[in-house]
Enquirer: 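Dumping the structure here so I can ask a few things about it.
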Amino acid sequence: MENKSSLTFTFQGDHEVDAVSIVTAMQGLIKISNEIAKQNYPDVEFRLAVRALVPGSLSFDFVALACAAQNLFTPDNMEYAKNLIDCIKTSFEIKSFLKGSPPRAKKEQGGFITIENKNGSKMTVPVSAGVYFIDSTIDQSITGIFAESSGRQGISGIRLEHGKSVLDIPAKEFTTLSEKIDVSQIEVSKLPESREVIVTRQNEILYIRKPDLLSKTKWEFKSDKYITADVEDKAFLDSVQSGKQSIVARMYIIADVR
């Protein structure tokens, strides 16, 4: 299964831009892409390319082509390349929103993350964009792009475009965005390590992503989130592993989940 998506990156201003700024931007985009792909899509092969310089402002398309194995349990119309490019652009949006300082708070709920910056403003991003906070790789790559572009003649701003979504960052913000953010300072509320909480959810609908046909691995399901689990219903397991119960696309089970 192959799909392609692109992000248009523009140094706004004069026709001529320092070559080091361009190289730094490319290296940063590649590092950001690789980190997002490694964390969110480890089984997908991405090929990154640059396409078609545009006359006027120094502009290029950063292209991602994704090639993933297709099977019965691959979600329909999964657009890996588009999702990767979305995450890249969202990473720049997070960097701009944080204004050079670690977030006051970060809360994950459902499929989204709410981030609060030093001014108390909040933004909500898809949970996949949380890769920004796993380590400093993405922040440092974006920081490097703005640090190298700061004060350079001919650059009045940077623009990122993906589809109809546009992010404009003027050169006056480059100094602030050149500040590295220590993601280890993010406050995340946690339960005490010695406390264990067990919750049972009954009659839960679980779509089967990957069954265990050989009694060696956990099952993979999709409910309100993706999970892996052991199935304790021995009669059901025996029927699947003996071949009496077939597993097909879009099949789900109804189960009590602990």
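Not measured: the values here are computed from a predicted model. All values below were derived from every heavy atom in this structure, side-chain atoms included, with hydrogens, water molecules and symmetry-related copies excluded. Sequential numbering from 1 along the given sequence is applied to the chain's residues.
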Enquirer: Can you tell me how far apart CZ (F133) and CD1 (I181) are? Round to the nearest 0.5 Å.
Expert: 8.0 Å
Enquirer: Classify the side-chain pair T143/K95 by whether it contains a donor and acceptor separated by less than 3.5 Å.
Expert: yes
Enquirer: Taking the side chain as everything from C-beta on, heavy atoms only, tell me whether I138 gets closer than 4.5 Å to I94.
Expert: no
Enquirer: When clusters are formed by joining ILVMFWY residues with side-chain heavy atoms under 4.5 Å apart, either directly or through shared neighbours, do L48 and V23 land in the same one?
Expert: no
Enquirer: Indicate, with yes or no, if the rings of Y41 and Y80 have centres closer together than 6.0 Å.
Expert: yes
Enquirer: Taking the side chain as every heavy atom from C-beta outward, state whether K82 and N3 have any pair of such atoms under 4.5 Å apart.
Expert: no
Enquirer: Show your working on side chain to side chain contact (heavy atoms under 4.5 Å, CB included) between L167 and R159 and close with a plain yes or no.
Expert: CA-CA 6 Å; L167 173 65; R159 167 174 288 189; over 6 Å; no
Enquirer: Can you see whether K106 engages T114 through a side-chain donor-acceptor pair at a distance of less than 3.5 angstrom?
Expert: no
Enquirer: Compare all side-chain heavy atoms of K222 with those of L206 and state whether any distance is below 4.5 angstrom.
Expert: no
Enquirer: Determine, step by step, whether V231 and K218 satisfy the side chain to side chain contact (heavy atoms under 4.5 Å, CB included) criterion, reporting the C-alpha distance in whole Å, the side-chain angles of both residues, the deciding distance to 0.1 Å, and the verdict.
Expert: CA-CA 8 Å; V231 175; K218 291 180 180 289; over 6 Å; no
Enquirer: Report yes if the side chains of I113 and T124 come closer than 4.5 Å at any heavy-atom pair, otherwise no.
Expert: no
Enquirer: Can you confirm whether S223 sits close enough to Y207 that some side-chain heavy atom of one is under 4.5 Å from a side-chain heavy atom of the other?
Expert: no
Enquirer: What distance separates Q39 CD from C87 SG, expressed to the nearest 0.5 Å?
Expert: 11.0 Å
Enquirer: Just wondering, are more than 12 heavy atoms of other shown residues or ligands nearer than 6.0 Å to CD in Q245?
Expert: yes
Enquirer: Treating N119 as the side-chain partner and S121 as the backbone partner, does any N or O pair qualify as donor plus acceptor under 3.5 Å?
Expert: no
Enquirer: Assigning hydrophobic clusters by single linkage (Ile, Leu, Val, Met, Phe, Trp, Tyr; side-chain heavy-atom cutoff under 4.5 Å), is I30 placed with V20?
Expert: no
Enquirer: So which atom in I85 and which in A64 form the shortest heavy-atom distance, rounded to 0.1 Å?
Expert: CD1-CB, 4.0 Å
Enquirer: Quick check: closest heavy atoms across T24 and G144, and the distance to 0.1 Å?
Expert: CG2-O, 3.3 Å
Enquirer: Determine, stepwise, if the pair S128 / N83 fulfils side chain to side chain contact (heavy atoms under 4.5 Å, CB included).
Expert: CA-CA 9 Å; S128 57; N83 294 346; over 6 Å; no
Enquirer: Identify the two heavy atoms, one from L213 and one from Q241, that lie closest to each other, and give their separation to 0.1 Å.
Expert: O-CG, 3.5 Å
Enquirer: Following the transitive rule for hydrophobic clusters with a side-chain heavy-atom cut-off under 4.5 Å over Ile, Leu, Val, Met, Phe, Trp and Tyr, establish whether I254 and Y226 coincide in one cluster.
Expert: no
Enquirer: Show the nearest heavy-atom pair for residues F92 and I145, with the distance to one decimal.
Expert: CZ-CD1, 3.7 Å
Enquirer: Nearest heavy-atom pair of T175 and S150: which atoms, and what distance?
Expert: OG1-OG, 3.6 Å
Enquirer: Measure the acute angle between the ring planes of F236 and W219, then classify it against the limits of 30° and 60° as parallel, tilted or perpendicular.
Expert: tilted
Enquirer: Any salt bridge (charged side-chain N to carboxylate O under 4.0 Å, His left out) involving residues 108-137? Give me the pairs, sequence neighbours left out, ordered by first then second residue.
Expert: R104-E116
Enquirer: Side chains of I253 and I208: closer than 4.5 Å at any heavy-atom pair?
Expert: yes
Enquirer: Using the rule given for side chain to side chain contact (heavy atoms under 4.5 Å, CB included), can you reason through F221 versus V257, listing the C-alpha separation, both sets of side-chain angles and the distance that settles it, and then say yes or no?
Expert: CA-CA 11 Å; F221 299 102; V257 180; over 6 Å; no
Enquirer: To the closest 0.5 Å, what do you measure between CZ (F46) and CG (L84)?
Expert: 4.5 Å
Enquirer: Could you report the tightest heavy-atom contact between S246 and M251, atom names first, then the distance?
Expert: O-CE, 3.5 Å
Enquirer: Taking the side chain as C-beta and beyond, is there a heavy-atom pair between T10 and T8 under 4.5 Å?
Expert: yes
Enquirer: Please determine whether the number of non-hydrogen atoms from other residues, nucleotides or ligands lying under 6.0 Å from atom NZ of K31 exceeds 12.
Expert: no
Enquirer: Regarding S6 and H162, do their side chains bring together a donor and an acceptor under 3.5 Å, going by distance alone?
Expert: no
Enquirer: Can you tell me how far CD of E179 sits from CG of D139, rounded to the nearest 0.5 angstrom?
Expert: 10.5 Å
Enquirer: Treat each ILVMFWY residue as a node, draw an edge where side-chain heavy atoms are under 4.5 Å apart, and state whether V240 and I205 are in one component.
Expert: no
Enquirer: Rounded to the nearest 0.5 Å, what's the gap from CZ on F146 to CD1 on I169? Could you check?
Expert: 3.5 Å
Enquirer: Taking the side chain as C-beta and beyond, is there a heavy-atom pair between F112 and V127 under 4.5 Å?
Expert: no
Enquirer: Is it true that V125 and I134 fall in one hydrophobic cluster, defined by side-chain heavy atoms closer than 4.5 Å?
Expert: yes
Enquirer: Could you measure the distance from the CD1 atom of I88 to the OH atom of Y132? Nearest 0.5 Å is fine.
Expert: 14.0 Å
